[in-house]
There are 2 protein chains.
Amino acid sequence: MGEPRRRDSARTRKLLLETARRRFARDGYAATTVRDIADEAGANVALISRYFGSKEGLFEACLAAAADSVRGTQDGDVALEGLGRSIARGMAGVSSAHGLPEVLLLSLRPSGDEQAERARIRTLSSYAERMAALALPEGAPLPDDLHLRGQVLLATALGVAVLRATPGLGPITSATEDQLADALSDVVSALLGRGPGPLTQP
Amino acid sequence: MGEPRRRDSARTRKLLLETARRRFARDGYAATTVRDIADEAGANVALISRYFGSKEGLFEACLAAAADSVRGTQDGDVALEGLGRSIARGMAGVSSAHGLPEVLLLSLRPSGDEQAERARIRTLSSYAERMAALALPEGAPLPDDLHLRGQVLLATALGVAVLRATPGLGPITSATEDQLADALSDVVSALLGRGPGPLTQP
DNA sequence: TAGTGTTGTAAGCACACGTTTACATACACC
DNA sequence: GGTGTATGTAAACGTGTGCTTACAACACTA
């Protein structure tokens with residue numbers, strides 16, 4: 001393989017997509033302009049329309065790509081005991097730039113589009129359910145209060161992603177994976193550990 | 001006191017402020033236009049500039065007002081044991097429209113303005129610190145890991161506010177104060193309860 | 001009632017937005 | 001080399017934005 005082609009639509013498309021993911025996650029959909037994205041990607045504005053149809057189309061592509069990359073880096077099957085660390089790894093790990101936090105941050109910005117909205121809700125919902133299901137024997141039906149607790153755990157992850165993306169905020173922005181894992185593991189066992197009410201140590 | 005004046009700048013100002021609080025919290029700063037706000041408040045666009053100087057000024061007024069109203073409805077001095085319920089009350093209580101969730105939702109939307117940005121971060125920071133301080137004897141200095149845990153708790157509150165504002169999402173949107181209090185109390189004692197590492201029951 | 005400051009309105013300004021168009025250039029193939 | 005298509009560029013379009021201006025309607029006091 002020789003020099004990279006000076007004109008390479010695949011590369012340009014990918015560059016636009018990656019830049020858009022970063023900007024949408026950092027600044028939100030409405031606050032990000034297509035010219036911002038194009039300039040930062042070193043491309044022309046018109047190419048966004050060409051490759052993604054519209055700003056909306058670009059955003060949906062970002063959502064899809066982010067969901068894919070988190071599916072990729074996801075630990076195959078985590079037990080309840082490892083869930084806290086798994087979330088912490090998603091937050092602080094090497095893949096954090098294109099991983100869990102990005103999906104979460106993208107997921108909290110309503111795009112205005114009906115279809116993207118439903119996809120967003122479905123994604124969030126299934127996350128919460130899968131985490132809550134770890135507290136049950138495989139295949140057991142998910143009771144409503146555990147579903148709620150799964151969503152509170154999801155809320156924690158979402159909030160941590162938001163706060164970690166806030167520069168100048170205290171320790172949480174600079175916390176290591178281990179430090180996060182400490183706190184998050186406690187939250188996981190408090191929410192999904194056996195027995196209702198205050199956690200009882202086995 | 002006689003009939004209300006047909007022209008009442010105080011009333012108009014308040015109307016604009018309340019509408020802005022609702023819209024900024026629901027749609028975010030960038031996605032909300034001053035014409036949206038003025039129309040919904042039944043006022044003229046120019047009055048926003050007159051009363052608040054600019055859209056930015058209006059947003060800062062919203063932040064301040066929201067911080068005030070949560071200070072008002074806040075339980076005077078909560079102990080660590082009551083913190084979970086106190087947060088749940090803030091989330092689900094009668095004041096939820098103008099209470100905790102609103103401050104949190106306003107706090108997660110960067111406005112683009114430097115000064116508002118600092119106020120936002122200061123608000124978040126002090127929340128986390130006050131909550132974390134409940135785990136210590138009065139006046140004791142706040143160690144860094146507890147500070148972090150306070151911020152994770154804040155993250156949970158923020159995430160719950162976001163998810164509760166997401167229509168169509170599962171149980172968390174419709175959960176009662178009691179149901180939320182159950183889960184949140186567990187999170188509080190897991191994060192701030194005595195002793196590091198996994199919670200040990202006294 | 002005449003005068004005066006306050007409150008509200010309508011129109012417009014300058015600019016940034018998303019998108020489209022018309023055109024230039026690099027590449028692949030003959 | 002010559003030709004057709006893929007790729008990239010520059011400029012413009014229409015619209016919506018935040019904000020200002022010029023003016024009208026009201027409330028109040030003398």
Side-chain angles (χ1 to χ4, degrees), chain A residues 1-21 23-24 26-63 109-116, chain B residues 1-21 23-24 26-63 106 109-117:
Chain A
M1 40 195 86
E3 295 237 321
R5 301 202 311 167
R6 308 236 317 270
R7 289 191 164 193
D8 186 337
S9 67
R11 196 185 103 92
T12 305
R13 207 191 119 101
K14 200 174 84 174
L15 232 55
L16 283 171
L17 189 62
E18 281 175 1
T19 309
R21 287 174 65 174
R23 296 295 297 245
F24 282 148
R26 202 187 63 192
D27 303 332
Y29 180 81
T32 305
T33 75
V34 290
R35 283 181 174 84
D36 285 344
I37 297 171
D39 288 355
E40 193 175 318
N44 189 280
V45 210
L47 297 181
I48 289 182
S49 295
R50 171 128 68 202
Y51 291 139
F52 302 96
S54 65
K55 187 189 182 187
E56 264 295 326
L58 175 56
F59 180 75
E60 293 188 34
C62 288
L63 258 184
R109 326 273 180 169
S111 68
D113 178 78
E114 192 71 27
Q115 190 177 347
Chain B
M1 35 194 91
E3 294 238 320
R5 302 202 310 168
R6 307 233 319 270
R7 291 191 160 193
D8 185 339
S9 66
R11 194 183 105 93
T12 304
R13 206 191 120 101
K14 200 174 83 177
L15 231 56
L16 284 171
L17 189 62
E18 282 175 0
T19 308
R21 288 174 64 174
R23 296 295 295 246
F24 282 148
R26 201 188 63 193
D27 304 331
Y29 180 81
T32 305
T33 76
V34 290
R35 284 182 174 83
D36 285 344
I37 298 171
D39 288 355
E40 192 174 318
N44 189 280
V45 209
L47 298 180
I48 288 181
S49 296
R50 171 128 65 200
Y51 292 138
F52 301 96
S54 65
K55 186 191 182 185
E56 266 294 329
L58 175 56
F59 181 75
E60 292 188 35
C62 288
L63 256 184
L106 286 176
R109 324 272 182 169
S111 68
D113 176 79
E114 194 70 26
Q115 190 177 346
E117 187 67 9

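We use all heavy atoms of the structure for the numbers below, so side chains are in, but hydrogens, waters and symmetry mates are not. Reminder, nothing fancy here: chain letters follow the sequence lines and each chain counts from 1.
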Undergrad: In whole angstrom, give the distance that lies between atom CG of B/Leu47 and atom P of D/dA25.
TA: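 My rounded result for the distance is 16 Å.
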Undergrad: Of all heavy-atom pairs between B/Ala43 and B/Leu16, which one has the smallest distance, and what is that distance?
TA: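 Scanning both residues completely, I find the closest heavy atoms to be CB-CD2, 4.0 Å.
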Undergrad: I'd like to check the salt bridge (charged side-chain N to carboxylate O under 4.0 Å, His left out) partners of B/Asp36; sequence neighbours left out, ordered by chain and number.
TA: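 Once residues adjacent in sequence are excluded, the partners of B/Asp36 under the salt bridge (charged side-chain N to carboxylate O under 4.0 Å, His left out) criterion are B/Arg23.
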Undergrad: Ignoring backbone atoms, test whether B/Ser9 places a side-chain nitrogen or oxygen under 4.0 Å from the OP1 or OP2 oxygen of C/dT6.
TA: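 Looking at the OP1 and OP2 atoms of C/dT6, neither is under 4.0 Å from any side-chain N or O of B/Ser9.
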Undergrad: Heavy-atom distance under 4.5 Å between the side chains of A/Phe24 and A/Ile37, does that happen here?
TA: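 They are in contact (side-chain heavy atoms under 4.5 Å apart), so the answer is yes.
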Undergrad: Which heavy atom in A/Thr19 sits nearest to a heavy atom in A/Ala41, and how many Å separate them?
TA: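 In this case the closest contact between A/Thr19 and A/Ala41 is OG1-CB, 3.4 Å.
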Undergrad: With a 4.0 Å limit, can you tell me whether A/Thr12 has a side-chain N or O closer than that to the phosphate oxygens OP1/OP2 of D/dG8?
TA: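 It does, given that an N or O in the side chain of A/Thr12 lies less than 4.0 Å from OP1 or OP2 of D/dG8.
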Undergrad: In whole Å, I'd like the distance from the CG atom of A/Asp39 to the P atom of D/dA10.
TA: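 Answer to the nearest Å: 11 Å.
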Undergrad: Take atom CG of B/Asp8 and atom C1' of D/dC26, then tell me their distance rounded to the nearest Å.
TA: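 Between C1' of D/dC26 and CG of B/Asp8: 13 Å.
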Undergrad: D/dG16 C1' sits how many Å from B/Ile37 CD1, rounded?
TA: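 Rounding to the nearest Å, CD1 of B/Ile37 and C1' of D/dG16 are 15 Å apart.
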Undergrad: What's the spacing between B/Glu18 CD and B/Arg21 CZ if we round to 0.5 Å?
TA: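 CZ of B/Arg21 is found 7.0 Å from CD of B/Glu18.
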Undergrad: Within the 4.0 Å heavy-atom criterion, would you say A/Tyr51 contacts the bases, only the backbone, or no part of the nucleic acid?
TA: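 The answer is sugar-phosphate, as A/Tyr51 gets under 4.0 Å only of primed atoms, P, OP1 or OP2.
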Undergrad: With the sugar-phosphate defined as primed atoms, P, OP1 and OP2, and the base as all remaining atoms, what B/S/- string results for nucleotides 17-24 of chain C, 5' to 3', for protein heavy atoms under 4.0 Å?
TA: BBBBB---
Undergrad: Within the 4.5 Å heavy-atom criterion, are A/Leu17 and A/Tyr51 side-chain neighbours or not?
TA: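 SC-SC contact between A/Leu17 and A/Tyr51 ruled out.
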